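Computed from a prediction, not measured in an experiment: that's the story for all the values here.
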Amino acid sequence: MTQARSLPRAPEPLPEGNVVIGLNAAIVSVSGDEPRVLTVRRVHHALAVDGGTSDAAGHVGAEGPDALPFGPFEPTRHRTLDSGLRQWVGEQTDLELGYVEQLYTFGDRGRDPREREGGPRVVSVGYLALVREARLAGAGESFWHDWYRYFPWEDWRQGRPALLDRTIRPLLDLWAKGATGMSERRERALRIATAFGFGGAAWSDERVLDRYELLYQSALVAEAPRDQGEPVREDMPALGTAMLFDHRRILATAMGRLRGKIKYRPVVFELMPPSFTLLQLQRTVEALAGQRLHKQNFRRLVEQTGLVERTGLRESRTGGRPAEQFRFRREVLLERPAPGVRLPGRRR
């Protein structure tokens with residue numbers, strides 16, 4: 001149920017020479033087998049007003065980068081950081097958040113380009129929110145997008161992405177060889193192999209941020225030259241869609257956190273309807289993890305660990321045998337300290 005939202009206020013300029021606290025939300029949903037993140041294109045607050053990223057009306061940019069919902073923490077208006085985040089999300093998307101957890105505080109120098117011109121340091125608190133996808137409204141011109149739009153190398157559901165070996169590996173190898181000194185070249189090569197699973201190293205689905213940071217440091221994503229005030233080269237490789245400021249870094253942090261957390265906490269059920277089939281649950285886990293799972297092993301694991309219980313109902317469908325419906329069994333939270341959906345191995 002949504003609340004009536006007030007009209008957006010006229011944005012105020014950022015103060016000079018101070019630290020401003022920002023609030024950013026990586027809001028995740030799953031639609032079918034597509035993991036989705038909520039983005040906005042129009043925001044009305046001081047953090048958005050800058051000729052390089054928005055106009056005076058609060059546009060993030062008519063053809064500019066996607067942004068996570070965000071806004072400044074206003075001590076006189078917001079009782080807590082959490083309430084401030086929820087208020088900005090409500091104004092920009094007309095969405096009421098349920099499950100929210102704090103991710104990380106992002107405070108690197110130069111996060112906001114106005115800092116180079118004497119503006120304040122912007123320190124943002126990032127949050128992860130999980131919702132069931134809903135119709136969007138609000139003042140933010142908001143959209144749901146597949147999160148693999150921003151990280152195409154993270155989706156292994158159809159096998160190893162060709163982008164890894166065709167584009168990313170040779171470019172990162174060139175970057176490693178360009179280091180000054182043998183020690184630094186070895187360090188770079190080790191980081192690359194560990195993060196991306198090259199040279200026989202194992203791929204870890206949780207190291208989303210490590211992989212993005214390597215691509216940023218090697219100037220292979222558009223945000224790298226942009227953050228230095230340099231034009232983005234026309235011949236840059238197409239490595240995902242760029243986002244406003246460091247919002248892709250925040251989203252990478254959220255993806256890694258969620259991929260790890262579904263293995264030891266039942267947060268995936270925040271994304272499920274009250275009743276669901278085991279196939280729907282499997283497809284949701286696969287969408288988030290970016291890998292296909294063995295069907296029978298997954299079902300056996302979910303049922304044996306007491307995460308779900310039968311509803312006694314079956315899904316009505318035309319043709320074929322109706323699938324049995326289940327619901328999340330909340331008692332498991334009291335029975336086990338880490339009741340997550342452990343991944344039973346990829347489907348070969």
Side-chain angles (χ1 to χ4, degrees), residues 1 27-38 95-99 128-136 143-149 151-152 154-161 205-206 254-255 257-348:
M1 181 175 179
I27 304 172
V28 176
S29 182
V30 176
S31 178
D33 62 354
E34 186 176 284
R36 313 254 270 175
V37 62
L38 196 155
L95 189 68
E96 286 191 7
L97 299 181
Y99 178 91
L128 168 65
L130 304 179
V131 300
R132 290 195 287 274
E133 189 167 319
R135 186 183 300 274
L136 302 171
F143 304 91
W144 291 106
H145 287 303
D146 186 335
W147 74 12
Y148 295 121
R149 162 190 176 101
F151 306 95
E154 294 291 337
D155 187 2
W156 287 57
R157 288 174 295 173
Q158 304 304 321
R160 182 181 178 87
D205 63 330
E206 298 177 35
M255 286 178 64
R257 171 74 65 85
L258 183 53
R259 284 178 164 186
K261 198 153 193 174
I262 60 176
K263 299 168 188 175
Y264 66 90
R265 297 297 297 170
V267 292
V268 67
F269 295 101
E270 299 288 341
L271 303 171
M272 303 301 297
S275 62
F276 46 84
T277 68
L278 291 184
L279 181 60
Q280 289 171 331
L281 177 61
Q282 180 178 341
R283 290 290 182 255
T284 298
V285 173
E286 290 175 338
L288 298 174
Q291 56 181 281
R292 290 290 184 215
L293 304 174
H294 189 280
K295 181 178 178 180
Q296 295 306 321
N297 288 350
F298 178 83
R299 293 181 174 221
R300 188 180 305 112
L301 177 66
V302 168
E303 292 192 72
Q304 288 179 351
T305 52
L307 288 170
V308 299
E309 60 186 0
R310 290 173 168 80
T311 65
L313 302 175
R314 289 186 176 274
E315 181 186 61
S316 59
R317 59 170 81 167
T318 57
R321 182 181 177 184
E324 190 172 8
Q325 292 189 328
F326 292 78
R327 59 175 164 248
F328 173 49
R329 182 174 166 273
R330 295 196 173 275
E331 291 81 0
V332 75
L333 296 172
L334 302 176
E335 297 168 355
R336 303 212 321 274
V341 183
R342 290 182 289 118
L343 306 187
R346 294 180 187 168
R347 185 185 69 191
R348 295 186 179 276

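- Annotation: the span from Leu288 atom CG to Lys261 atom NZ amounts to 14.0 Å, rounded to 0.5 Å.
- Of the inter-residue distances, the one linking Ser29 atom OG with Glu34 atom CD reads 10.0 Å to the nearest 0.5 angstrom.
- Note on residues 296-307: pairs passing salt bridge (Lys or Arg N to Asp or Glu O under 4.0 Å), not counting sequence neighbours, are Glu303-Arg310.
- A salt bridge between Arg327 and Glu309 is present, with a side-chain N of the basic residue lying under 4.0 Å from a carboxylate O of the acidic one.
- Here the side chains of Phe326 and Leu278 are in contact, with some heavy-atom distance below 4.5 Å.
- In this structure, Trp144 contributes its side chain and Val30 its backbone to no donor-acceptor pair below 3.5 Å.
- Among Leu38, Leu128, Val267, the one residue that satisfies the side chain to side chain contact (heavy atoms under 4.5 Å, CB included) test with Val28 is Leu128.
- How far CG of Leu279 is from CZ of Phe298: 9.5 Å, rounded to the nearest 0.5 Å.
- No more than 12 heavy atoms of other residues, nucleotides or ligands shown are found within 6.0 angstrom of CZ on Arg330.
- With contacts defined as side-chain heavy-atom distances shorter than 4.5 Å, the pair Phe276/Leu271 does not qualify.
- Closest approach of Pro35 to Arg157, counting heavy atoms only: CD-NH2, 4.2 Å.
- Between the Glu324 side chain and the Gly312 main chain, no donor and acceptor come within less than 3.5 Å of each other.
- Note that CG of Leu293 is 13.0 Å distant from NZ of Lys295, once rounded to the nearest 0.5 Å.
- Distance check, rounded to the nearest 0.5 Å: CG of Leu130 to CE of Met272 gives 12.5 Å.
- Across every non-hydrogen atom of Tyr148 and Gly290, the tightest pair is OH-CA, 3.2 Å.
- Between the CG atom of Leu301 and the CD atom of Gln282 there is a distance of 11.0 Å, given to the nearest 0.5 Å.
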Report task. Determine, stepwise, if the pair Arg36 / Ile27 fulfils side-chain contact (heavy atoms from CB on, under 4.5 Å). Result -> CA-CA 8 Å; Arg36 313 254 270 175; Ile27 304 172; over 6 Å; no

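- Considering all non-hydrogen atoms of both residues, Trp147 and Ala287 come closest at NE1-O, 4.1 Å.
- In this structure a side-chain-to-backbone donor-acceptor pair under 3.5 Å is present from Thr277 to Gln280.
- Salt-bridge annotation for Arg259 and Glu206: absent, with no side-chain N of the basic residue lying under 4.0 Å from a carboxylate O of the acidic one.
- A salt bridge does not link Asp155 to Arg160: none of the charged side-chain nitrogens sits closer than 4.0 Å to a carboxylate oxygen.
- Val332 has its side chain out of reach of Thr305: every pair of non-hydrogen atoms, C-beta onward, lies at least 4.5 Å apart.
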Report task. Please step through side-chain contact (heavy atoms from CB on, under 4.5 Å) for the pair Gln291 and Glu154, ending with a clear verdict. Result -> CA-CA 9 Å; Gln291 56 181 281; Glu154 294 291 337; over 6 Å; no

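- A donor-acceptor pair is defined here as one N or O able to donate and one able to accept, closer than 3.5 Å; such a pair exists between the side chain of Arg329 and the backbone of Gly306.
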Requested in this report: Start with the C-alpha distance between Ile262 and Phe269, add both sets of side-chain angles, then the distance that settles side-chain contact (heavy atoms from CB on, under 4.5 Å), and finish with yes or no.
Outcome: CA-CA 9 Å; Ile262 60 176; Phe269 295 101; over 6 Å; no

